[in-house]
Amino acid sequence: MNTLIVVLGPTGIGKSDISIQLARKYSTDIISADSRQFFRELSIGTAVPPKTDLESVCHHFIQTRSIHDYYNVSEYETDAIDRINHLFKIKNPVILTGGSMMYIDTICKGIDDIPTVTPEIRDEVIGWYEDNGLEALQQRLLSLDPEYYSIVDLNNPKRLLHAVEICQMTGKTFTSFRKNTVRERPFRIIKIGINQNRELLYQRINYRVEQMMEAGLLDEARSVYPFKSLNSLNTVGYKELFSYFDGDITLDEAVDLVRRNSRKYARKQLTWFRRDKDIHWFEPTQIQEIIAFIEQELNEHDKLENH
RNA sequence: GGGGAGAUACCAAAGUGGCCAACUGGGGCAGACUGUAACUCUGCUGGCGUACGCCUUCGUAGGUUCGAAUCCUGCUCUCCCCA
C-alpha cells in the first residue's frame with residue numbers, strides 16, 4: 001500500500017525544510033496544503049520555499065492560482081487527491097506539507113459534498129445580511145434549517161451566512177448535506193507534527209517576519225494593495241501592511257501586528273492539531289528521529305501486508 | 001526655585017465613598033470549527049478553590065469613616081508650564 005507522509009505544524013516552525021529533506025530521501029514530490037501558497041501573486045509573505053528548493057524537489061499546488069480566483073477546500077480535495085493518486089503510480093511515499101488545518105483534514109478524511117455557492121446567491125445573502133443584521137440572519141436560518149440553528153455558533157456570521165446560502169440555493173437544509181462521513185483513502189497516512197517550546201516558536205516567528213521585511217514584503221504587499229478586499233488577501237502579513245498604506249497605523253505598528261497575528265495563527269493551528277491523536281510530534285531539529293520513525297512505520301506496514 | 005497635572009492589574013485606560021477583584025480595549029492562555037478557514041466565532045485572564053466562598057490588591061506611609069481605588073496629610077516618582 002502507498003503511503004502519504006503528512007508534515008504539519010504551526011507557521012514558521014520549519015515544515016518546508018523537513019519536507020524537502022524527506023522528499024530528497026525518498027525521491028518524491030511534495031503536495032502543498034497551504035491555503036495561501038496557492039497564489040502566484042504572493043510569495044514572500046506566504047513563505048513560499050526559495051527557487052532552488054522548488055527546482056530540486058517537485059512541488060504541487062504552489063502558486064498555481066491567482067488571488068482573483070475562487071478556490072475552496074472541496075475543489076482542493078478533488079485536485080489534490082487526483083494528483084496524489086497519480087503520483088503513487090510512480091512514487092511512494094508522497095509528502096503532503098502545510099499548515100492549513102482544514103485542508104490537511106480534507107485530504108486525510110475527506111469532506112461532505114456540499115454544492116458550491118454561486119456568486120449571485122452569495123451576493124444576495126450577504127447584501128441581505130448587511131441590510132438586516134445578525135439577528136435577522138439568525139431568524140432566517142431558524143426558519144430554513146432549525147436543526148443547524150440549534151447547533152451553530154449563532155454569533156458567527158460566516159457560519160450562519162454559508163448555511164443560509166446553501167439552504168437558499170438548494171431548497172434543502174444545510175443539515176441534509178452534513179453527513180460527516182469519513183472517506184477511506186486507498187493509501188496509508190503517517191502524520192508527522194513539528195513543534196517546539198512556545199517561546200522558541202515565537203522567537204522563530206518574530207525572526208521570520210524580520211526576514212520577510214528584509215526580503216521585500218512591503219513591496220509585495222503594495223503590489224496587491226489595490227485588491228485588498230479580496231478574501232485571498234485577508235492574510236497575515238498583508239492585511240496589516242494594508243492598514244499602514246491606508247494611513248491608519250505606522251509601519252512599525254504594522255510590522256509588530258504581523259508578528260502578533262502570526263503568533264496567534266500559530267496558536268490556532270496548535271489548538272486544531274491538538275485534538276488529532278494520530279499526529280506524532282517531533283522538534284524541528286529531530287530530522288534523524290523523524291526518518292527513523294517513518295522507516296519503522298513503513299517496515300511494520302510491509303510486514304503486516306506480507307502476512 | 002515657583003505653579004499645575006498625574007501615579008489603577010502584563011500594557012493602555014475607566015472608575016472619584018458602599019452595587020469594585022475593579023468597565024473597556026490590547027496582549028496572553030484555552031476552545032470551537034464541513035467550502036474564500038492565515039477566515040470567523042467563544043470562554044478565561046490577582047491568588048487559592050469544582051463551587052457558595054476565602055485571602056491579598058489601585059505609587060508609598062499614616063489618618064478620617066460602619067465602610068476608601070475613591071476623602072485628608074506626609075513621602076517618593078513622572079509629566080507640563082513659568083523661572
Side-chain angles (χ1 to χ4, degrees), chain A residues 8-12 15 32-39 42 45-48 65-80 98-119 121-123 125-126 129 134 137-138 145 148 151-163 165-166 169-170 173-183 198-199 202 205 208-209 212 227 229-241 249 253 256-276:
Chain A
L8 54 83
T11 188
K15 297 183 290 292
S32 169
D34 188 311
S35 71
R36 298 294 128 137
Q37 288 183 359
F38 295 149
F39 304 117
L42 313 179
T46 55
V48 165
R65 309 204 146 244
S66 164
I67 52 173
H68 302 280
D69 296 338
Y70 174 88
Y71 199 52
N72 64 46
V73 233
S74 182
E75 288 176 53
Y76 172 75
E77 179 191 19
T78 309
D79 296 345
S100 302
M101 305 82 88
M102 200 174 174
Y103 285 69
I104 294 170
D105 281 359
T106 293
I107 298 299
C108 298
K109 304 187 305 200
I111 192 165
D112 289 329
D113 290 315
I114 299 172
T116 294
V117 177
T118 61
I121 293 283
R122 175 140 297 175
D123 290 348
V125 176
I126 287 179
Y129 164 59
L134 185 64
L137 185 66
Q138 294 167 345
D145 187 349
Y148 190 62
I151 58 163
V152 248
D153 178 354
L154 292 170
N155 289 317
N156 191 330
K158 289 249 169 160
R159 302 281 133 82
L160 261 32
L161 243 15
H162 186 242
E165 285 166 353
I166 295 296
M169 200 176 83
T170 63
T173 62
F174 182 56
T175 303
S176 67
F177 294 99
R178 287 165 45 89
K179 303 268 193 285
N180 223 299
T181 44
V182 176
R183 269 200 257 283
R198 187 68 57 96
E199 202 179 324
Y202 285 179
I205 289 171
R208 192 169 74 161
V209 171
M212 284 177 176
F227 318 112
S229 58
L230 292 172
N231 177 75
S232 51
L233 293 175
N234 186 180
T235 298
V236 177
Y238 298 88
K239 57 182 172 188
E240 299 85 356
L241 292 175
I249 54 177
E253 286 168 338
D256 205 55
L257 264 182
V258 174
R259 280 190 277 264
R260 252 187 269 160
N261 288 336
S262 299
R263 280 182 259 139
K264 274 192 186 176
Y265 177 50
R267 257 180 271 143
K268 208 159 34 175
Q269 290 172 302
L270 289 168
T271 298
W272 184 293
F273 294 140
R274 216 166 282 150
R275 66 177 173 187
D276 186 343

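Numbered from 1 within each chain, the chains take letters A, B, ... in sequence-line order.
Scanning for side-chain contact (heavy atoms from CB on, under 4.5 Å) contacts around A:Met212 gives A:Ile44, A:Ala47, A:Arg208, A:Leu217, with sequence neighbours left out. For A:Arg267, there are no salt bridge (charged side-chain N to carboxylate O under 4.0 Å, His left out) partners at least two apart in sequence or on another chain.
With B:rG35, B:rG31, B:rU40 as the candidates, the nucleotide lying closest to the side chain of A:Lys158 is B:rU40. When distances run from any side-chain atom of A:Val236 to the nucleotides B:rG35, B:rC39, B:rA37, the shortest one goes to B:rC39. The side chain of A:Pro157 sits closest to B:rU40 out of B:rA37, B:rU40, B:rG31. Closest to the side chain of A:Arg274, from the set B:rA37, B:rA30, B:rG26, is B:rA30. The side chain of A:Phe174 lies closest to B:rG35 when the candidates are B:rG28, B:rA37, B:rG35. Nearest to the side chain of A:Lys264, among B:rG28, B:rC41, B:rU34, sits B:rG28. Closest to the side chain of A:Arg198, from the set B:rC33, B:rA30, B:rC41, is B:rA30. Closest contact between the side chain of A:Arg159 and the listed nucleotides B:rG31, B:rG35, B:rG27 involves B:rG35.
Atom pair A:Leu160:CG and B:rU34:P shows a separation of 12 Å (rounding to whole Å applied). Separating the CG atom of A:Leu230 from the P atom of B:rC39 is a distance of 15 Å, rounded to the nearest angstrom. Counting to the nearest Å, the P atom of B:rU40 and the CE atom of A:Met102 are 15 Å from each other. Computed from coordinates, the A:Glu199 CD to B:rG28 C1' distance equals 13 Å when rounded to whole Å. As a whole-Å value, the separation of A:Asp153 CG from B:rG43 C1' is 11 Å. Rounded to a whole Å, the CD1 atom of A:Ile114 is 14 Å from the P atom of B:rA37.
OP1 and OP2 of B:rA30 both lie 4.0 Å or more from every side-chain N or O belonging to A:Arg267. Residue A:Asn234 has a polar side-chain atom (N or O) positioned under 4.0 Å from OP1 or OP2 of B:rU40. Residue A:Thr271 places at least one side-chain N or O under 4.0 Å from the OP1 or OP2 atom of B:rG31. Between A:Lys239 and B:rC39 there is a side-chain N or O to OP1 or OP2 distance below 4.0 Å. For A:Tyr202 and B:rC29, the shortest distance from a side-chain N or O to OP1 or OP2 is below 4.0 Å. Within the 4.0 Å cut-off from OP1 or OP2 of B:rA30, not a single side-chain nitrogen or oxygen of A:Lys268 is found.
The line from OH of A:Tyr76 to CZ of A:Arg65 is 12.0 Å long, rounded to the nearest 0.5 Å.
Between the C1' atoms of B:rG31 and B:rU65, the separation comes to 47 Å (whole Å). Using P as the reference atom, B:rC58 and B:rC10 are 12 Å apart when rounded to the nearest Å. With C1' as the reference atom, B:rG59 and B:rA9 are 14 Å apart, rounded to whole Å. The same atom, P, is picked in B:rA21 and in B:rA69; the two are 9 Å apart, to the nearest Å. The separation of B:rC71 from B:rC19, taken at their P atoms, amounts to 16 Å, rounded to a whole angstrom. Comparing the P positions of B:rA22 and B:rC55 gives an interatomic distance of 15 Å, to the nearest angstrom. B:rU70 and B:rA7: their P atoms are spaced 11 Å apart (whole Å). Here the separation of B:rU57 from B:rA61, taken at their P atoms, is 9 Å to the nearest Å.
Judged by the 6.0 Å distance and 45° axis criteria, A:Arg274 is not positioned over the aromatic ring of A:Trp272.
Nearest heavy atom pair, residue A:Gln37 against residue A:Ser32, reads OE1-OG, 3.8 Å. In terms of heavy-atom proximity, A:Glu240 sits nearest to A:Asn261 at OE2-ND2, 2.8 Å. The two residues A:Leu137 and A:Pro157 make their nearest non-hydrogen contact at CD2-O, 4.1 Å.
Taking 90° from 0 as the syn/anti boundary, the base of B:rG35 is oriented syn.
You'll find the side chain of A:Phe38 stays beyond 4.5 Å of the side chain of A:Ser232, heavy atoms only.
For RNA chain B, the stems formed by at least three consecutive Watson-Crick or G-U pairs, with both atom-pair distances below 3.5 Å, span B:1-7 with B:76-82, B:10-12 with B:24-26, B:27-32 with B:40-45, B:46-48 with B:53-55, B:59-63 with B:71-75.
Residue-to-nucleotide contacts include no donor-acceptor pair under 3.5 Å from the side chain of A:Asn155 to the base of B:rU42. No N or O donor and acceptor, one from the side chain of A:Arg275 and one from the base of B:rC33, sit under 3.5 Å apart.
Heavy-atom contacts from other residues, nucleotides or ligands closer than 6.0 Å to NZ of A:Lys109 number 12 or fewer.
Using a 4.0 Å heavy-atom distance criterion, A:Arg263 is classed as a sugar-phosphate-only contact.
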